[in-house]
Amino acid sequence: QYSGQLTECQLSYYGTVTSDPSLDELLDHLELAPRGRPSQGVREAILAATLELANEQGLARPTTREVARRAHASEPSIFYHFGDKAGLLQHAILDGLKPLTEIEPTLRDGTGESTLSDSLLAIARSFEAFFDKVLPLVGTVAGDANLRDTFRERMAERHMGPHRGVELLAATLRRFQERGLVDLSI
């Protein structure tokens with residue numbers, strides 16, 4: 001039953017509609033999905049739906065079918081784009097890293113006129129945004145032994161994991177030390 005409210009992934013799927021669309025207006029925006037390669041935006045809609053479901057109820061119970069339904073995509077699209085549920089969760093978590101990539105380079109690298117305080121604050125805020133977005137997914141992975149093992153193997157293959165955050169902080173502190181602004185012996 002249509003509630004009159006659209007989720008973020010539905011808005012990206014439907015495109016531009018009035019702020020309070022009627023069911024008829026929504027149906028006017030729907031097109032039959034072509035066979036073959038999925039249309040553009042499906043991957044992003046699936047990732048958005050995964051994060052929405054995780055934040056609403058965790059992902060222990062929802063299935064790839066529920067994610068597909070929320071994203072207005074076919075379930076095979078999930079497997080086309082991500083391989084399996086572990087791949088979907090991995091990509092959703094990696095998508096959560098965007099705040100870390102958006103840190104101003106002079107703050108991240110400890111170069112220019114940036115202060116240590118400004119740099120550490122920017123990094124901490126980015127970590128906070130990352131964890132706010134992906135913590136429910138991490139709990140899902142940790143709660144399923146098979147999923148956890150598969151996820152751990154894939155992350156190790158790509159040299160990804162919590163150690164990367166520590167490496168970022170260490171590199172930033174090293175650069176401030178090179179500038180004579182940090183004494184690492186303390």
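On a predicted model such as this, the values are computed, not experimentally measured, just so you know. As a basis for the values below, the full set of heavy atoms in this structure was taken, side chains included, without hydrogen atoms, waters or symmetry mates. Throughout, numbering of the chain's residues begins at 1 and tracks the sequence.
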Minimum heavy-atom separation for [X] to [Y], with atom names?
X     : Y      : value
Glu56 : Arg70  : OE1-NH2, 2.8 Å
Gln90 : Phe151 : CA-CE1, 3.3 Å
Leu89 : Val141 : CD1-CG2, 3.9 Å
Ala68 : Ile78  : N-CD1, 3.8 Å
Ile46 : Leu88  : CG2-CD1, 3.6 Å
Leu97 : Phe130 : CD2-CE1, 3.6 Å

In terms of side-chain geometry, is the basic nitrogen of Arg164 or Glu167 positioned less than 4.0 Å from the acidic oxygen of its partner? yes
Inspect the contact between Asp84 and Arg154 and indicate whether a charged nitrogen and a carboxylate oxygen are less than 4.0 angstrom apart. yes
Could you check whether any side-chain N or O of [X] sits under 3.5 Å from a backbone N or O of [Y], counting only pairs where one atom can act as donor and the other as acceptor?
X      : Y      : result
Arg148 : Ala142 : yes
Ser126 : Pro99  : yes
Ser114 : Thr106 : yes
Thr150 : Leu147 : no

What distance separates [X] [atom1] from [Y] [atom2], expressed to the nearest 0.5 Å?
X      : Y      : atom1 : atom2 : value
Ser117 : Leu181 : OG    : CG    : 12.5 Å
Asp95  : Arg43  : CG    : CZ    : 7.5 Å
Thr172 : Arg108 : OG1   : CZ    : 8.0 Å

Is any side-chain heavy atom of [X] less than 4.5 Å from a side-chain heavy atom of [Y]?
X      : Y      : answer
Thr115 : Phe176 : no
Leu120 : Leu116 : yes
Leu94  : Met155 : yes
His91  : Leu47  : yes

Once salt bridge (charged side-chain N to carboxylate O under 4.0 Å, His left out) is applied, do any residues pair with Asp149, and if so which ones, sequence neighbours excluded? Arg152
Taking Leu100 as the starting point, is it possible to reach Leu51 by hopping between hydrophobic residues whose side chains are less than 4.5 Å apart? yes
Treat each ILVMFWY residue as a node, draw an edge where side-chain heavy atoms are under 4.5 Å apart, and state whether Phe127 and Leu121 are in one component. no
Residues Val42, His81; criterion side chain to side chain contact (heavy atoms under 4.5 Å, CB included); working and verdict: CA-CA 9 Å; Val42 171; His81 288 286; 4.1 Å; yes
